[in-house]
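What you are looking at is a predicted structure, and each value in this text was computed from that prediction instead of being measured. Residue numbers start from 1 in every chain, and the chains themselves are labelled A, B, ... in the order their sequence lines are given, proteins ahead of strands.
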Number of protein chains: 2
Amino acid sequence: MDRVSDKIIGRLARYRALLTDRLPVERSHIFSHEIAAAMRLTASQVRRDLMVLGFNGVPRHGYEVTELIRHLDEFLSSKQVNSVAVVGAGNLGRALIAFLESRRASIRIAAAFDTDLDKCNRVFHGVKCHAMEDLEAVLKQEPIRIAILCVPAEVAQSTANRLVHAGIKGILNFAPVPLRVPLGVTLEELDLTSALEKVVYFTSPPRSPALEGKS
Amino acid sequence: MDRVSDKIIGRLARYRALLTDRLPVERSHIFSHEIAAAMRLTASQVRRDLMVLGFNGVPRHGYEVTELIRHLDEFLSSKQVNSVAVVGAGNLGRALIAFLESRRASIRIAAAFDTDLDKCNRVFHGVKCHAMEDLEAVLKQEPIRIAILCVPAEVAQSTANRLVHAGIKGILNFAPVPLRVPLGVTLEELDLTSALEKVVYFTSPPRSPALEGKS
DNA sequence: TAGATTGTTAATCGATTAACAATC
DNA sequence: TAGATTGTTAATCGATTAACAATC
């Protein structure tokens, strides 16, 4: 099997969100062009993406929804529960706990960490916050392979190093600093400031195309 | 001037973040390969990106840092102050206010909105939260062209419609629903759940490439 | 059957990288 | 001068779209 690109995985995750969260229950089948319309893509792309699942639709009837969801869950490792740690329990970290914990049964925020002693041993949205110094001990006891990093930029790299050393295999980074991680560790960077600055650029009237970028 | 792609704009914003936030002050010049190393890109790509600025480096000396920052600011519309509204003042909305308000002088969170009357007229991280029903009135008084949308999925599209109707020209969407906006309105979608699910996929051991995707 | 939709291959498009003459 | 780095064009790579035979 060819390596499946980052972009395809992102879309598969969104197809599933569409099917599980937003589709009226009475539909038993769905066409590629319907998924495409809802996601603002082409039908070709949807069909091509779904090829990686090894699950076939039926010409003239489309894809059976429950089976499609089942294959998406399987493929995206969402049949097992994936435990995640939130590292840095500031405003953003705590908001992410609340936001993500409620979204997917397969994703469980298993622990939070912070250096601020006022936050330690408190429970935020149902998740216990541990002292940063207990990181290694807690990770030894819980099967956490993934961390969401929302610490200040200055300590982002050193914290990431420590996470990797403690056995973390995937990092979702919200700190506005490009991280360096060893091969074998997955890294996804989410730079909120530059995302907003893109909108600012394409929205500003002056020299740039008055009508639009990626609407 | 060719239309500059979304991706290039995103990288230009991050180049600026690097230069303004993370560079030791004593450096007067910087090479393309240094920027590339810090950002995990190739030097070719950095030079190509910088071409759009119409600002030239000097062979053997690189780019003058203060001038480069000035051109980036100019290009990214960061010489003027850009007022932004946060729509939906739940956990995520309030965290974004705190996070973004402190990051760039050129970005100012000018107002927040929420339907929850308990939140109205309160001030979160220095930003006043208005009743959702006052949206049109407030936007009429303030020069806000951009909105950050963090309302529940069910009301995301209807809220977006209302924002557009009230004159908003750019939306950064955190609601996990693909939005539909008219031509002429910039839309940037940030799906936190699918970002995390990407990490889950590339981190899970079973069938997928044990050694890595985009580390 | 006729018509619509699928799975998949080929064509196109856009973005990244490599190459290299110009130049400091 | 020689060597390093730039700006820019050409080559490569990867992702999206179009096309179409298979099929329900």
Side-chain angles (χ1 to χ4, degrees), chain A residues 1-15 19 27-65 67-68 71-72 75 178 189 194 198 201-202 209 212-214, chain B residues 1-15 19 27-65 67-68 71-72 75 178 189 194 198 201-202 209 212-214:
Chain A
M1 185 195 296
D2 281 350
R3 160 164 164 59
V4 180
S5 82
D6 184 58
K7 289 194 166 172
I8 292 179
I9 299 302
R11 284 194 301 266
L12 291 175
R14 293 201 297 282
Y15 297 159
L19 296 171
R27 295 294 310 272
S28 76
H29 289 70
I30 191 167
F31 296 127
S32 61
H33 65 256
E34 293 177 300
I35 298 177
M39 306 280 302
R40 325 235 60 193
L41 303 168
T42 64
S44 273
Q45 182 159 52
V46 172
R47 292 203 302 277
R48 208 176 208 298
D49 287 345
L50 295 184
M51 278 178 66
V52 305
L53 299 180
F55 164 67
N56 284 2
V58 179
R60 296 267 295 155
H61 291 86
Y63 302 85
E64 213 220 308
V65 175
E67 273 303 288
L68 182 50
H71 280 80
L72 284 164
F75 190 83
E189 317 245 11
S194 76
K198 279 198 234 179
Y201 173 83
F202 286 109
E212 224 348 50
K214 50 168 313 196
Chain B
M1 185 193 295
D2 281 350
R3 160 164 164 61
V4 180
S5 81
D6 184 59
K7 289 193 164 171
I8 293 177
I9 300 303
R11 286 195 299 267
L12 291 175
R14 293 200 298 282
Y15 298 159
L19 296 171
R27 297 292 312 273
S28 76
H29 289 69
I30 191 167
F31 296 128
S32 60
H33 65 256
E34 295 178 300
I35 298 178
M39 305 280 301
R40 325 235 59 193
L41 303 168
T42 64
S44 273
Q45 182 160 51
V46 172
R47 293 204 301 278
R48 209 176 209 297
D49 287 344
L50 295 184
M51 280 179 66
V52 305
L53 298 180
F55 164 66
N56 285 3
V58 180
R60 297 266 295 154
H61 292 86
Y63 302 85
E64 214 221 308
V65 175
E67 273 301 289
L68 181 50
H71 280 79
L72 284 164
F75 189 82
E189 316 245 12
S194 76
K198 279 198 236 179
Y201 173 82
F202 287 109
E212 222 346 46
K214 50 167 317 194

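- Minimum heavy-atom separation, A/Ala13 to B/Ser194: CB-CB, 3.8 Å.
- Aromatic ring orientation, B/Tyr63 versus B/Phe55: tilted (interplanar angle from 30° to 60°).
- B/Gln45 places no side-chain N or O within donor-acceptor distance of the main-chain N or O of B/Thr42, the cut-off being under 3.5 Å.
- Here the CG-CD distance, from B/Leu72 to B/Glu67, works out to 11.0 Å after rounding to the nearest 0.5 Å.
- The residue among A/Arg60 and A/Phe55 whose nearest nucleotide of DNA chain C lies closer to the 5′ end is A/Arg60.
- Residues A/Tyr15 and A/Asp49 come closest through the heavy atom pair OH-OD2, 2.6 Å.
- Across every non-hydrogen atom of B/Arg11 and B/Leu41, the tightest pair is CD-CD1, 3.7 Å.
- Ranked by how close their nearest DNA chain D nucleotide is to the 5' end, B/Pro59 and A/Ser5 are led by B/Pro59.
- Across all non-hydrogen atoms, the minimal contact from A/Ala36 to A/Ala43 is CB-N, 3.6 Å.
- Closest of all the heavy-atom pairs between B/Arg40 and A/Pro178 is CG-CB, 4.4 Å.
- Remark: side-chain polar atoms of B/Glu34 are paired, donor with acceptor, to backbone N or O of B/Phe31 under 3.5 angstrom.
- Secondary-structure stems of DNA chain C, taken as three or more successive Watson-Crick or G-U wobble pairs (i with j, i+1 with j-1) under a 3.5 Å distance threshold, comprise C:3-24 with D:3-24.
- Taking 4.0 Å as the cutoff to heavy atoms of chain B, we find the contact window on DNA chain D bounded by D/dG3 to D/dA10.
- Residues from residues 41-48 of chain B lying near DNA chain C, meaning a heavy-atom separation below 4.0 Å, are B/Thr42, B/Ser44, B/Gln45, B/Arg47, B/Arg48 in numerical order.
- The minimum heavy-atom distance linking B/Gly62 with B/His29 is given by the pair O-CD2, 4.2 Å.
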